[in-house]
2 protein chains.
Amino acid sequence: MQSTAFSPHDHSHCISSAINHAQSLCAQRGVRLTPVRQRVLELVWRSHQPIGAYELLAALAKEGFNSAPPTVYRALEFLSEQGLLHKLDSINAYVGCCNPETPHQGHFLLCQVCNKAQELESQYINLALKVSADQHGFEIQRHTIEIIGTCKECIDKPSLSELTP
Amino acid sequence: MQSTAFSPHDHSHCISSAINHAQSLCAQRGVRLTPVRQRVLELVWRSHQPIGAYELLAALAKEGFNSAPPTVYRALEFLSEQGLLHKLDSINAYVGCCNPETPHQGHFLLCQVCNKAQELESQYINLALKVSADQHGFEIQRHTIEIIGTCKECIDKPSLSELTP
DNA sequence: TGACAGTTGTTATAATATAACATAACATCC
DNA sequence: GGATGTTATGTTATATTATAACAACTGTCA
């Protein structure tokens with residue numbers, strides 16, 4: 001099975017590769033990945049668990065960055081416009097995008113046990129959405145597709161309460 | 001083409017039928033559709049435009065109902081549990097459910113021009129979601145599926161700015 | 001240099017949602 | 001009918017998420 005956010009992996013590699021990717025993309029597009037923007041992106045990538053705006057704000061504050069809400073919301077807006085992260089509407093949290101060079105709106109699996117998110121890019125889902133929209137003569141601009149449940153790792157791993165008799 | 005929230009129709013019929021439906025369902029289930037709960041449901045159904053919690057609160061206040069946030073959030077929670085309405089996470093608004101007897105999570109078309117919402121129940125979408133989840137060994141509990149764009153009526157109807165030279 | 005665009009700082013506030021505890025209404029059992 | 005438990009509502013306060021508005025700074029390039 002392919003590697004996902006849910007399965008164990010060298011996550012520091014995810015972070016550094018995401019940042020490198022972002023740097024080159026921004027350079028290429030002539031937009032500025034300023035220190036606060038880059039730091040927000042790193043913080044978002046620190047785990048595969050989506051992170052809230054005010055959590056980011058607290059982390060920035062600890063590091064001596066300016067820490068008023070507009071700072072982080074502006075950074076999130078920029079990163080989102082550049083396709084470097086996605087917002088998860090069902091939980092008001094943000095997660096890094098693995099594939100920022102091609103603008104897209106992802107589909108997400110959100111695990112309620114480990115709180116990690118895995119982005120999907122399913123052509124089946126896209127097609128199903130398109131067929132439904134077409135049936136109604138509806139023109140799609142964007143979408144929010146979030147599947148909430150339990151990931152394989154958390155299903156397989158007995159919970160603490162099940163371990164203790 | 002079938003009738004939808006987007007197309008013109010006798011909406012007072014939608015409202016009264018939704019309320020009748022809700023009354024019999026609640027009776028059947030032995031739960032109480034109290035005055036404030038019923039009024040919230042009516043307000044939600046007043047248009048096919050999803051309505052926000054604080055709009056509901058303001059409407060209740062005008063009518064002499066208690067109007068502190070918990071009042072409306074409790075009613076929304078009850079109605080949601082009973083499958084009588086759905087929350088749209090992408091816009092923090094609530095919309096009546098046409099088919100409350102069978103518990104389900106809907107798929108929605110949201111028009112950004114007329115702000116109306118149409119619930120879909122597409123087996124294609126459900127299947128596509130299930131296939132994607134299965135591929136990852138992921139067990140679905142619920143989902144948020146919202147397609148944002150422009151409805152047929154708003155595409156066909158030239159906008160005001162296009163009408164004036 | 002100065003003019004402009006873009007970015008950041010700062011203060012205030014809007015919008016959405018819940019915690020916590022008190023009171024009231026209803027149900028039921030004796 | 002009164003005691004009791006459960007459900008629903010009232011009330012106050014506060015948490016959480018997000019944006020408006022305007023000032024100041026920074027980089028760029030004519």
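These values consider heavy atoms only, across backbone and side chains, with no hydrogens, waters or symmetry-generated copies. On a predicted model such as this, the values are computed, not experimentally measured, just so you know. Order of the sequence lines sets the chain letters (A, B, ...), proteins ahead of strands, with each chain counted from 1.
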Closest-nucleotide ordering on DNA chain D, the 5'-leading residue of B:Pro70 and B:Arg37: B:Arg37

message: By nearest heavy atom, map A:Tyr54 and A:Arg74 onto DNA chain D; which one lands nearer the 5' end?
response: A:Tyr54

message: Within a 6.0 Å radius of atom OH on B:Tyr124, are there more than 12 heavy atoms belonging to other residues, nucleotides or ligands?
response: no

Please state how far atom [atom1] in [X] lies from atom [atom2] in [N], giving the value in whole angstrom units.
X       : N      : atom1 : atom2 : answer
A:Asn92 : C:dT18 : CG    : C1'   : 14 Å
B:Glu77 : C:dT16 : CD    : P     : 19 Å
A:Tyr73 : C:dG9  : OH    : P     : 17 Å
B:Leu76 : C:dA17 : CG    : P     : 9 Å
B:Asp89 : C:dA15 : CG    : C1'   : 16 Å
A:Ile91 : C:dA17 : CD1   : C1'   : 16 Å
B:Phe78 : C:dT18 : CZ    : P     : 18 Å
A:Arg29 : C:dG6  : CZ    : C1'   : 18 Å

message: Looking at B:Glu42 and B:Arg39, is any side-chain nitrogen of the basic one under 4.0 Å from a carboxylate oxygen of the acidic one?
response: yes

task: Using a 4.0 Å heavy-atom cut-off across all strands, classify B:Arg32 as base, sugar-phosphate, or nothing.
output: sugar-phosphate

- request: Answer with base, sugar-phosphate or nothing: what part of the nucleic acid does A:Tyr94 contact at a heavy-atom distance below 4.0 Å?
  value: sugar-phosphate

- prompt: If you take all heavy atoms of B:Gly106 and B:Glu121, which pair is closest and at what distance?
  reply: CA-OE1, 4.3 Å

query: Do B:Leu84 and B:Val72 share a hydrophobic cluster (ILVMFWY, side-chain heavy atoms under 4.5 Å, transitive)?
result: yes

- request: Please check if the side chain of B:Glu146 supplies one atom and the backbone of B:Leu110 the other of a donor-acceptor pair under 3.5 Å.
  value: no

- prompt: Okay, side chain of B:Arg46, backbone of B:Ile51: is any donor-acceptor separation there less than 3.5 Å?
  reply: no

message: Can you confirm whether or not the ring centre of A:His86 sits under 6.0 Å from the ring centre of A:Phe108?
response: yes

query: How would you give the extent of chain B contacts on DNA chain D, as first and last nucleotide 5' to 3' within a 4.0 Å heavy-atom cut-off?
result: D:dA8 to D:dT12

- line: Which of C:dT8, C:dT18, C:dG9 is nearest the side chain of A:Thr71? It is C:dG9

